[in-house]
Amino acid sequence: MLLLAGTMSALAISEAAFAQDAAAPQGGLDEIVVTARKREENLQSAPLSVSAIGGEALAKAGIDEFSEIAGRVPGFTFNPDNVSEPNIFLRGIGTDIESAASNPAIGFFLNDVYLSRAQGTAIELFDLERVEIVRGPQGTLYGKNVVGGAINFITRKPTDEFRAGAEAGMGNYGSFEVKANAAGGLAEGLSGSIAASARHHDGYARNTFTGNDVEDLDAYGVMAQLRYQPDDRLDILLTGDLTRRRGGGKWVDIQIPSEHNIPFVNPDRRRGPNNIDGKQDADLGGVHLSVNYDTGSGTLTSVTAYREGKFASVNNDAGSFIDFTRMIYGPDGRIDFGAIDHSLFNDDYYINDKDETAKSFSQDLRFRSDFDGPFNLLAGLYYQHESVDRTEIADYIFVEFYAQGKEIAETRLKSDTWAAFVEGTFDITDTLGVTAGIRYTKDKKRFAVYRETIGDFLGAEFEDENGDFTRAFSASSKQSWDAWTPSVNLHWQPAEDVYLYGLVSKGYKSGGWNGENATNPGEARLAYNPEYAWNYEVGAKTTWLDNRLRFNLTGFWTEYKDLQTQQFVIFDPNLPADNVISNAGKARVKGIELETAVAPVDGVTLFANYTYMDAKITGDLISTELQYDPSCFCSVPVPTNLKGNVLRRSPKNSFSIGGDVTVPVSSRINAFVRADYNWTDDFFFDNENSARTRQRSVGVLNGSIGIATDDDKWELRLWAKNLTNELYESGKSDVIGSVLVSYNPPRTYGATLRWKY
């Protein structure tokens, strides 16, 4: 009841206000500094849509991984079902493509270093100064194909001043976690820091066949930094980080069964039999060397990095159990489908085994001027080499299709990205300025694939170079893409606490190949096109009531060309649908983003934000579905143009509300209540806009109560996430007449003791 009362009394958390670590000493809102434009500036005078969550706010909210951040940001949808290929969507644009040759639409960065593949969502979050969420295409300053937005993790840098902290907590599902950090001076001009974390929870689901938990997790992380500042002009920072995750497979539930699968529906949505427990494992880390040198006329920055990530996932994507003791086998050792009773078996058994290793080296070199006049510039060069080795093995049984087999796809990608950019800012008057920039990016990719089928084909039969039947084939291809991506930004400060801007920018994402799902070498070598976006944005950032009220409003309109999307396409009515990558001719996303924060009295911070989004396919995108044809008394694949449909994972309305109330209970002890409520409108999990794959609207309540010392050195909090235990989907697909879903975590709660110096 106290948590609910806190929620009602504190209307809300917007991500901009969520960045507030505490009220300012004067009783107002803290200033938020961001580096989204490769320079330090006040969030309220940064001419783009960017939100920031401070490190202290992350700690107080008990946020341990990126999925918890995404859940608190309106317009952000995130599906972490597959540790190697999570689905991330912001402003209606994202990536659900399963391919070694693809690039994500949302870029993740750690201290300006691009985190390739799934590293950005798997990395352990600790000892952060803040997290920045930059919306929309970022075609000028970001070097790696950022077409939908950027997530920046900025660590706390060591200084000569000593600091330290530790926390320990435990909760339901057998959860516990410990974190610790320390930093300070080591010698003249030399400082360092180290932070580590370990956390565990038991599974949120139960496999009654194996007797084991599913969706359990053990995660460990460590990050060390060494900083050398011999004088006021030179600043060298060496950073190393490691993350290790070991988790059970994602639980898959038959939410809507086909007529055949009605007997196999689990009465308990998170409990039932499955042939395997599965796994979701990740090992990742890297070394970064950042050098900043003050030349007198500006700052020269070099960021050199090497990163590596290894991912392994095994899952029964059908969420099914096959009693193999009831199977009848022929002389060849294979299932005799004509001899078994089909009603005894689920019609879909699909074990997906994926292994991936990604390695990258990058070099970022840039110069930021500090001229006395009205003109300043930022220019740079960027290079990245990335290699991806991926193996996917699908072991399947489709009883109704009389199919049993195994498909193997081994894919390799080597890519090189070169980029050069320049951006200049000219102050027309003391209050009016214009910033214009352009980046040239060139991507060169080399792709190779080996495909093999054992047993019955999952889709169409394989063909070799001559069009003849084959069980296996290989193919390779290479291609280059390039793009010029300009931006123009007009910004005006008509009053001290009012900042207005208008932005036009272009984004780009390179093309790739459909090799994992190809059925012949020619198809494997056929590349899909790059994706482009033009973004038009206007914004107003205002502060009122002597810095006690913040009100920010952004309107955006983004036009996408050749939007890359994953589609289930039926090529043969006697076979399951194939999952292929295609380009939607055009797509359009428009909307409004509202962020507010208010500190009405000392000790109270309220915040709220809202996103309205209208995301549609405006060009041709052809899909196929089975429809009954009376002329043949059979079902045939019929092409359907999805033009006019709503883009997948794009809720029209979403909002976050919450607050932080602190009340003194003695001269040394304060009591606090913190809460946030995050509501998302219904949306579709596919571009076909099927009612069967629609997610209902849902609201999730998180909160905590506790006490802290007046100097904030000690804190004890009782916390709860998903307090009302909402059962809502993280993933959803319609396969052979059954709707298969995975779920977000249930209600979790616990207690955490925290100390800092």
Side-chain angles (χ1 to χ4, degrees), residues 31 33-43 45-48 50 109-114 129-130 132 134 138-144 150 152 154-161 185-193 225-239 287-306 361-384 417-428 430 433-441 485-489 491:
E31 176 184 290
V33 175
V34 296
T35 54
R37 297 198 305 151
K38 307 296 185 183
R39 58 175 70 88
E40 289 191 356
E41 56 190 342
N42 190 322
L43 175 68
S45 58
L48 75 169
V50 56
F109 299 83
L110 175 63
N111 290 347
D112 290 337
V113 174
Y114 178 70
E129 182 177 303
R130 66 186 178 277
E132 298 175 356
V134 191
Q138 308 297 320
T140 304
L141 299 182
Y142 291 85
K144 187 58 181 177
N152 301 319
I154 294 97
T155 63
R156 288 198 293 174
K157 310 301 186 294
T159 65
D160 290 337
E161 183 179 354
L186 301 175
E188 183 68 27
L190 184 67
S191 57
S193 67
Q225 299 182 101
L226 197 62
R227 190 179 189 184
Y228 182 52
Q229 297 170 287
D231 51 47
D232 293 337
R233 303 181 67 180
L234 183 62
D235 189 343
I236 301 173
L237 179 68
L238 179 65
T239 303
V287 179
H288 316 154
L289 180 65
S290 302
V291 180
N292 286 281
Y293 180 70
D294 186 351
T295 66
S297 58
T299 301
L300 185 65
T301 299
S302 171
V303 182
T304 308
Y306 173 80
F361 168 82
S362 63
Q363 175 63 55
D364 193 354
L365 185 66
R366 59 182 183 267
F367 174 76
R368 185 185 72 248
S369 70
D370 188 20
F371 303 146
D372 292 332
F375 176 75
N376 273 284
L377 63 85
L378 177 64
L381 300 170
Y382 179 82
Y383 170 74
Q384 186 203 32
T417 298
W418 298 268
F421 76 93
V422 61
E423 181 181 84
T425 298
F426 182 74
D427 296 328
I428 302 171
D430 290 342
V434 62
T435 300
I438 191 167
R439 175 183 286 267
Y440 174 75
T441 304
T485 50
S487 69
V488 179
N489 196 319
H491 34 91

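Just so you know, these numbers come straight off a predicted model, no measurement behind them.
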Shortest non-hydrogen contact from [X] to [Y]?
X: Tyr382; Y: Ser362; answer: OH-CB, 4.0 Å
X: Ala36; Y: Leu141; answer: O-CD1, 4.5 Å
X: His491; Y: Thr435; answer: NE2-OG1, 2.9 Å
X: Phe371; Y: Phe375; answer: CD1-O, 3.3 Å
X: Thr417; Y: Thr441; answer: CG2-CG2, 3.9 Å

Under the salt bridge (Lys or Arg N to Asp or Glu O under 4.0 Å) rule, collect the residues that match up with [X], sequence neighbours excluded.
X: Asp112; answer: Lys38, Arg366
X: Arg39; answer: Glu423
X: Arg439; answer: none

Identify, with sequence neighbours excluded, every residue that meets side-chain contact (heavy atoms from CB on, under 4.5 Å) alongside Asp231. Arg233, Leu234

Drop me the distance from [X]'s [atom1] to [Y]'s [atom2], to the nearest 0.5 angstrom.
X: Gln138; Y: Ser487; atom1: CD; atom2: OG; result: 9.0 Å
X: Arg130; Y: Arg156; atom1: CZ; atom2: CZ; result: 13.0 Å
X: Asn152; Y: Glu129; atom1: CG; atom2: CD; result: 12.0 Å

Residues in ring-ring contact (aromatic ring centres under 6.0 Å, His included) with [X], at least two apart?
X: Tyr114; value: Phe109
X: Tyr440; value: Trp484
X: Phe361; value: none

Is there side-chain contact between [X] and [Y], with at least one heavy-atom pair below 4.5 Å?
X: Leu226; Y: Leu186; result: yes
X: Leu378; Y: Phe421; result: yes
X: Arg227; Y: Thr159; result: yes
X: Gln363; Y: Ser302; result: yes
X: Asp232; Y: Asp294; result: no
X: Asp235; Y: Ser290; result: no

Is there a donor-acceptor pair under 3.5 Å between the side chain of Glu132 and the backbone N or O of Thr35?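 Answer holds: yes.
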
Examine distances only and state if a side-chain atom of Arg368 and a backbone atom of Thr301 form a donor-acceptor pair shorter than 3.5 Å. no

side-chain contact (heavy atoms from CB on, under 4.5 Å), that's the test. Do Tyr228 and Leu238 meet it? Break it down for me. CA-CA 9 Å; Tyr228 182 52; Leu238 179 65; over 6 Å; no

Could you pull out all residues at least two apart from [X] that satisfy side chain to side chain donor-acceptor pair (under 3.5 Å)?
X: Asn489; result: none
X: Thr155; result: Asn111, Gln225
X: Ser45; result: none
X: Thr485; result: none

Restricting to pairs with a member in residues 369-380, which pass side-chain hydrogen bond (donor to acceptor under 3.5 Å, both in side chains), not counting sequence neighbours?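 Those involving residues 369-380 are Ser369-Asn376.
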
